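Keep in mind that the numbers below use all heavy atoms, side chains included, and drop hydrogens, waters and symmetry copies. Everything numeric in this text was worked out from a predicted model, so none of it was measured.
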Amino acid sequence: MSTLFDNTPPRKDTFSFKWQKYKGKDIIPAWVADTEFRCAQPILNAISGYVEHGNLGYILPAHHEGAIQAVVRWLKDKHNWNIKPEWLVWTPGVVPAFNVACKAYCEPGDKVLIQTPNYPPLLAAPKLNGLERVDIGTVVQHANGDSADTINEVEGTRYTLDFDALEKEAADPRCKLFILCNPMNPVGSVLSKDELDRIADICNANNVTLCSDEIHCDLILEEGKTHIPAGREANLAENSVTLMAASKTFNIAGLGTSFAIIPNRQLRQAFTNAAAGIVPWVTVLGLAATEAAFTQCDDWHQQQLIYLRENRDMVFNTINSIDGLRMLKADATFLAWVDASGLGVENVQQWAEEKGVGPSPGIDFHKADHFRINFGCSKGMLQDILQRLAS
């Protein structure tokens, strides 16, 4: 089965966003968060079926019973979450969705709490909507619960939220929204029940709405870790917007289809109103792909997790053997957050590119001495990436 993920289709001449950046250069792209893998066959069959039918006219997402029931089924089966179909609001990506949340729950001049480091579109959202961003950093936590300044003790440490900062900043009456990424991108941590409870206590006490970007929730790699959807928790259900999609897990990001789950009717109406006339319907092919992904691809999904786990361990072992580089083992995602501060160079991105590897620049995540490596690729491609960095 591994050959399915070893034999990836070439993307150099497909106008791939990831590959265009270094076109004509001997630099392997390891940045944008999509994988190199071929989509599962049932997804391709579903898309082909629509194309063969020959009519790609309007479909209102709220009428697409197949996709709706597929989401209901997936969340119940994979996340023990019984949602009502009316809680679903379809969106053409989580990036439009958290920008809609900014419009829906804030007035110009309000503050938005953002967990950092975070991926660039999320960091940009408050300013785009006339709001003030307040960064809530991450801290390194040892297995015993103590916080640490460095990640030198690689085993048994993880990144988590700076809860003291969250509690302090949320108390400002101008703070109306907290946008969280769980599992965290780029650091890869999965929040525990205790951590989510603390977030709920802080948000509820200060009238702060939680918008939880959970696009990587089906890519849990660490044994014993479980993703907890924000909206599933009783203490968050009425004060949260949970964003999910099949896009990262099943490599269909180019089809522009995601969904928000909003149990509270007033929050849902405000979200829908903020999107009206601006945010387009999701695509016909995206709905077909989501339905197939969430009903026919369970085995493919499990095989991919095994493959990504092996890739993660390969990255972890190699990066921590290179002088000047350190990383913690990500609980989830196909992304490795690398601390390159030990290199002692002025520009760590340039250091990587000169070795023939193009990671995501840490400066874009507001952490200039780090970079992010995408290991959602064939083992052959990953070995080439790691050999270049180690050279």
Side-chain angles (χ1 to χ4, degrees), residues 46 58-94 96-98 100-101 103-105 177-180 182-183 191 193 196-197 199-200 203-204 207-218 220 226-250 252 256-276 279-284 286-298 301:
Y58 290 122
I59 289 183
L60 182 66
H63 292 165
H64 199 298
E65 280 296 320
I68 293 165
Q69 289 306 317
V71 172
V72 171
R73 177 259 164 186
W74 185 263
L75 293 182
K76 182 177 181 179
D77 191 65
K78 307 302 178 189
H79 299 289
N80 193 29
W81 191 10
N82 293 300
I83 71 160
K84 295 181 179 178
E86 59 264 32
W87 297 353
L88 273 179
V89 182
W90 292 92
T91 56
V94 299
F98 55 66
V100 167
K103 294 181 187 300
Y105 310 123
L177 181 66
F178 177 30
I179 305 180
L180 172 72
N182 179 33
L191 292 175
K193 175 77 164 65
L196 270 178
D197 284 346
I199 289 168
C203 287
N204 293 340
N207 295 314
V208 173
T209 301
L210 176 67
C211 180
S212 183
D213 172 359
E214 303 183 8
I215 197 168
H216 292 279
C217 68
D218 294 307
I220 308 298
T226 306
H227 175 75
I228 303 170
R232 196 191 79 188
E233 296 300 281
N235 52 4
L236 280 171
E238 295 301 314
N239 190 33
S240 66
V241 173
T242 305
L243 308 179
M244 293 180 172
S247 57
K248 300 294 182 186
T249 307
F250 295 98
I252 53 173
T257 302
S258 68
F259 49 90
I261 304 157
I262 315 175
N264 180 281
R265 187 179 60 80
Q266 287 177 304
L267 287 183
R268 190 166 64 248
Q269 190 61 56
F271 186 95
T272 304
N273 291 348
V279 179
W281 294 351
V282 300
T283 67
V284 173
L287 288 164
T290 299
E291 178 182 0
F294 284 165
T295 55
Q296 301 176 56
C297 300
D298 291 44
H301 175 227

Notebook entry, point to check: How would you list, by chain and number, every residue that makes a side-chain hydrogen bond (donor to acceptor under 3.5 Å, both in side chains) with E214, sequence neighbours excluded?
Noted result: S212, H227
Next item on the list: Mark yes or no for whether Y105, through its side chain, and A270, through its backbone, hold a donor-acceptor pair below 3.5 Å.
Entry: no
Check: Taking only residues at least two apart or on different chains, which pairs with a member in residues 70-84 satisfy salt bridge (charged side-chain N to carboxylate O under 4.0 Å, His left out)?
Finding: R73-D77, R73-D298, K78-D298
Notebook entry, point to check: For D197, what residues pass the side-chain hydrogen bond (donor to acceptor under 3.5 Å, both in side chains) criterion, not counting sequence neighbours?
Noted result: K193, N235
Check: W281: what forms a side chain to side chain contact (heavy atoms under 4.5 Å, CB included) with it, not counting sequence neighbours?
Finding: Y58, L60, P61
Notebook entry, point to check: Taking only residues two or more places apart in sequence, or in another chain, which ones meet E238 in a side-chain hydrogen bond (donor to acceptor under 3.5 Å, both in side chains)?
Noted result: N264
Item checked: Reported NE2-to-OG1 distance for the pair H216 and T249, which is rounded to 0.5 angstrom -> 8.5 Å
Checklist line | Set of side chain to side chain contact (heavy atoms under 4.5 Å, CB included) partners for T257, sequence neighbours left out | finding: W90, V282, T283, T290
Check: For F250, which residues count as a ring-ring contact (aromatic ring centres under 6.0 Å, His included) partner, sequence neighbours excluded?
Finding: W74, W300, H301
Notebook entry, point to check: Can you find a heavy atom in the side chain of V241 that is under 4.5 Å from one in the side chain of V100?
Noted result: no
Check: So, does N204 use its side chain to make a donor-acceptor pair with the main chain of L236 at under 3.5 Å?
Finding: no
Note to self: What's the separation between atom CG in L210 and atom CG in N239, rounded to the nearest 0.5 Å?
What the structure shows: 7.5 Å
Checklist line | CG-SG distance between L177 and C211, expressed to the nearest 0.5 angstrom | finding: 6.0 Å
Next item on the list: Report the distance from atom OG1 of T209 to atom CD1 of I179, rounding to the nearest 0.5 Å.
Entry: 11.0 Å
Check: How far does CG of L88 sit from CD1 of I261, to the nearest 0.5 angstrom?
Finding: 6.0 Å
Check: Sub-3.5 Å donor-acceptor pair from the side chain of T242 to the main-chain atoms of P229, do we have one?
Finding: no
For residues 63-71, which side-chain N or O atoms pair as donor and acceptor with protein atoms under 3.5 Å away, sequence neighbours left out?
{"unit_1": "H64", "atom_1": "ND1", "unit_2": "A67", "atom_2": "N", "d": "3.0"}
{"unit_1": "H64", "atom_1": "NE2", "unit_2": "Y50", "atom_2": "OH", "d": "3.2"}

Notebook entry, point to check: Can you tell me how far the SG atom of C217 sits from the CG atom of L75, to the nearest 0.5 Å?
Noted result: 7.5 Å
Check: What residues form a ring-ring contact (aromatic ring centres under 6.0 Å, His included) with F178, not counting sequence neighbours?
Finding: none
Next item on the list: With sequence neighbours excluded, tell me which residues meet side chain to side chain contact (heavy atoms under 4.5 Å, CB included) with V89.
Entry: A260, I262, R268, F271, T272
Item checked: T91: side-chain hydrogen bond (donor to acceptor under 3.5 Å, both in side chains) partners, not counting sequence neighbours -> S258
